[in-house]
Protein chains: 2
Amino acid sequence: MLPEPFNHLPDIALHRVSAELRRTLFRQGEVTKGLYVVLSGRVHLERVGPNGERFVIHRAMAGSSFAEASVFSERYHCDAVVMEAGEVVRIDKAAVLAAFANAGFARAYGRQASRQIQAQRQLLEIVGIRSAEDRVLAGLVAGLLDGTVVEFAALLHLSHEATYRALRALVEAGHVVNPSRGDYRLSTAT
Amino acid sequence: MLPEPFNHLPDIALHRVSAELRRTLFRQGEVTKGLYVVLSGRVHLERVGPNGERFVIHRAMAGSSFAEASVFSERYHCDAVVMEAGEVVRIDKAAVLAAFANAGFARAYGRQASRQIQAQRQLLEIVGIRSAEDRVLAGLVAGLLDGTVVEFAALLHLSHEATYRALRALVEAGHVVNPSRGDYRLSTAT
DNA sequence: CATTTGATATGATCTTGATCATATGTTGCC
DNA sequence: GGCAACATATGATCAAGATCATATCAAATG
């Protein structure tokens with residue numbers, strides 16, 4: 001099943017695409033067909049610099065969509081390369097454009113988009129915090145530590161070593177409690 | 001005039017709010033009234049930690065909107081504080097929700113939102129690049145240097161000194177040309 | 001025109017987090 | 001049980017960028 005809001009769309013608009021490792025799904029400059037949803041695997045969006053340098057613009061993981069903006073533009077502005085084989089679905093741009101006439105779809109789209117924007121803004125502010133300790137604390141307040149510390153560290157753009165040390169320092173400062181190995185949470189007291 | 005897509009909305013939905021310095025427009029936990037557009041001045045969204053630490057979640061500048069997600073939720077999840085006096089407009093959530101029934105508004109919203117998401121994803125990837133030189137180069141490729149170098153540096157979460165040095169190094173390496181003081185652009189040749 | 005403000009630019013120093021290394025704990029698997 | 005893979009955890013070293021300092025240049029202001 002597709003994630004919101006794309007589950008509102010008719011099946012006719014969906015196309016399973018083969019996503020074997022290293023395959024390029026579309027290239028910068030090509031005419032847009034639509035957006036994509038990653039059901040499993042990973043896809044990188046890359047932009048090519050004037051001298052051929054490749055920059056990763058986005059890493060799409062299972063459950064997320066990419067190239068949403070292509071629905072509103074003529075040409076893709078980056079390349080999409082499969083970094084881990086999996087299932088990927090393409091959704092026709094015409095179908096999405098048409099679906100905006102449906103208020104249910106439109107609201108679902110708006111809800112998803114505004115939440116994502118909010119989350120990204122927050123993350124951008126957090127990764128902008130210089131001090132590892134402050135950054136980790138902000139990440140905790142934002143509720144970003146739900147999986148492993150390693151994942152949390154990657155999200156914060158910190159090495160996991162620095163993250164462990166910051167967590168330890170926060171525990172010693174009394175801001176965080178560490179009830180058991182690998183379990184960190186904000187201390188409610190003081 | 002309001003920025004897209006909010007210029008599609010009827011005037012009745014708009015309310016000018018007084019935005020003098022330090023004023024709090026809404027607080028975490030309050031019932032949502034709607035989203036806001038900053039016409040001039042600056043507004044910070046702040047989240048308060050369990051021990052009263054304040055974290056900036058977002059800095060809304062002239063021409064941008066904030067609290068868009070409040071349209072889809074019951075309560076504000078952060079505080080909004082005016083950091084620089086200016087003109088701020090509130091837009092009723094009911095009006096926005098209703099406007100999604102209008103395909104023109106819905107598409108305009110979708111276009112704006114998807115572009116913003118794309119831009120933020122790209123910025124998140126760029127600020128995640130450790131090396132100052134690579135980060136600056138990626139920023140240049142992304143076309144982020146349109147204003148001053150100081151603004152560019154802030155966007156990249158780099159000190160402006162480090163940014164100037166990276167630009168100098170890129171010029172010396174032949175990746176960037178510096179035709180005149182303060183003017184940097186990617187070199188097209190080799 | 002003199003002054004102020006902010007951007008550009010670069011040098012010197014120092015702090016901090018990246019990196020490398022190592023050890024233990026936990027989980028799943030055959 | 002033994003092994004592999006990975007998360008947790010912490011120590012040591014080092015490089016890179018932050019910070020502080022200083023100078024020049026440009027534009028705006030009175």
Side-chain angles (χ1 to χ4, degrees), chain A residues 42 56 61-62 83-84 123-140 143-187, chain B residues 40-42 56 59 61-62 83-84 123-140 144-187:
Chain A
R42 278 184 305 122
V56 176
M61 315 205 320
M83 297 307 286
E84 187 186 312
L123 193 50
L124 262 168
E125 286 292 336
I126 291 175
V127 300
I129 298 173
R130 312 267 198 220
S131 147
E133 203 172 318
D134 292 351
R135 192 137 116 216
V136 166
L137 182 54
L140 287 172
L144 264 31
L145 176 47
D146 52 349
T148 69
V149 174
V150 170
E151 288 162 358
F152 180 57
L155 210 54
L156 297 181
H157 293 313
L158 267 184
S159 69
H160 60 96
E161 295 96 327
T163 306
Y164 282 117
R165 277 186 258 270
L167 284 167
R168 175 70 40 233
L170 288 168
V171 168
E172 258 140 42
H175 292 105
V176 171
V177 290
N178 184 21
S180 72
R181 183 184 169 88
D183 185 7
Y184 296 91
R185 51 194 68 185
L186 291 167
S187 72
Chain B
S40 62
R42 278 185 306 122
V56 176
R59 295 153 211 264
M61 316 205 318
M83 297 307 285
E84 188 186 312
L123 193 51
L124 261 168
E125 285 293 336
I126 292 175
V127 300
I129 299 172
R130 311 267 200 221
S131 146
E133 203 171 318
D134 293 350
R135 193 139 115 216
V136 166
L137 182 54
L140 287 172
L144 264 29
L145 176 48
D146 53 349
T148 69
V149 174
V150 170
E151 288 162 357
F152 180 56
L155 211 54
L156 298 181
H157 293 313
L158 268 184
S159 69
H160 59 95
E161 294 97 327
T163 307
Y164 281 118
R165 277 186 258 268
L167 284 168
R168 174 70 38 235
L170 288 168
V171 168
E172 258 141 42
H175 292 105
V176 171
V177 289
N178 184 22
S180 72
R181 184 184 167 88
D183 185 7
Y184 296 91
R185 50 194 67 186
L186 290 167
S187 71

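In what follows, chains are A, B, ... by sequence order, proteins preceding strands, each numbered from 1. Remember, predicted model here, so these are calculated numbers, not experimental data.
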Practice problem: Enter the distance from A:Arg135:CZ to A:Leu155:CG here, rounded to the nearest 0.5 Å. | Solution: 11.0 Å
By nearest atom, which of the nucleotides [options] is closest to the [X] side chain?
| X | options | answer |
| --- | --- | --- |
| B:Glu161 | D:dC20, C:dA9, D:dT10 | D:dC20 |
| A:Arg168 | D:dA9, C:dA7, D:dA18 | D:dA9 |
| B:Arg130 | D:dA9, C:dT19, C:dT8 | C:dT19 |
| A:Asn178 | C:dA9, D:dA9, D:dG17 | D:dA9 |
| B:Tyr184 | C:dG17, C:dA9, D:dA18 | C:dA9 |
| B:Arg165 | C:dA18, C:dT8, C:dT10 | C:dT10 |

When the distance from [atom1] of [X] to [atom2] of [N] is rounded to whole Å, what number comes out?
| X | N | atom1 | atom2 | answer |
| --- | --- | --- | --- | --- |
| A:Glu133 | C:dT15 | CD | P | 17 Å |
| B:Leu156 | D:dA18 | CG | C1' | 15 Å |
| B:His157 | C:dT16 | NE2 | P | 20 Å |
| B:Leu167 | D:dG17 | CG | C1' | 15 Å |
| A:His160 | C:dC20 | NE2 | P | 11 Å |
| B:Ile129 | D:dA16 | CD1 | P | 16 Å |
| B:Glu172 | C:dT10 | CD | C1' | 12 Å |

Quiz item: Does B:Arg181 make a side-chain donor-acceptor contact with the base of D:dT24, cut-off 3.5 Å?
Solution: yes
Quiz item: Is the distance from OP1 or OP2 of C:dT10 to the nearest side-chain N or O of B:Tyr164 less than 4.0 Å?
Solution: no
Quiz item: Donor-acceptor pair, A:Ser131 side chain versus A:Asp134 backbone, under 3.5 Å?
Solution: yes
Quiz item: Looking at B:Pro179 and B:Arg185, what are the two nearest heavy atoms and their distance?
Solution: CG-NE, 4.4 Å
Exercise. Mind listing the closest non-hydrogen atom pair of B:Ala62 and B:Ser40 along with its distance?
Key: CB-CA, 3.9 Å
Exercise. Could you walk me through whether A:Leu145 and A:Val136 pass the side chain to side chain contact (heavy atoms under 4.5 Å, CB included) test, one step at a time?
Key: CA-CA 9 Å; A:Leu145 176 47; A:Val136 166; over 6 Å; no
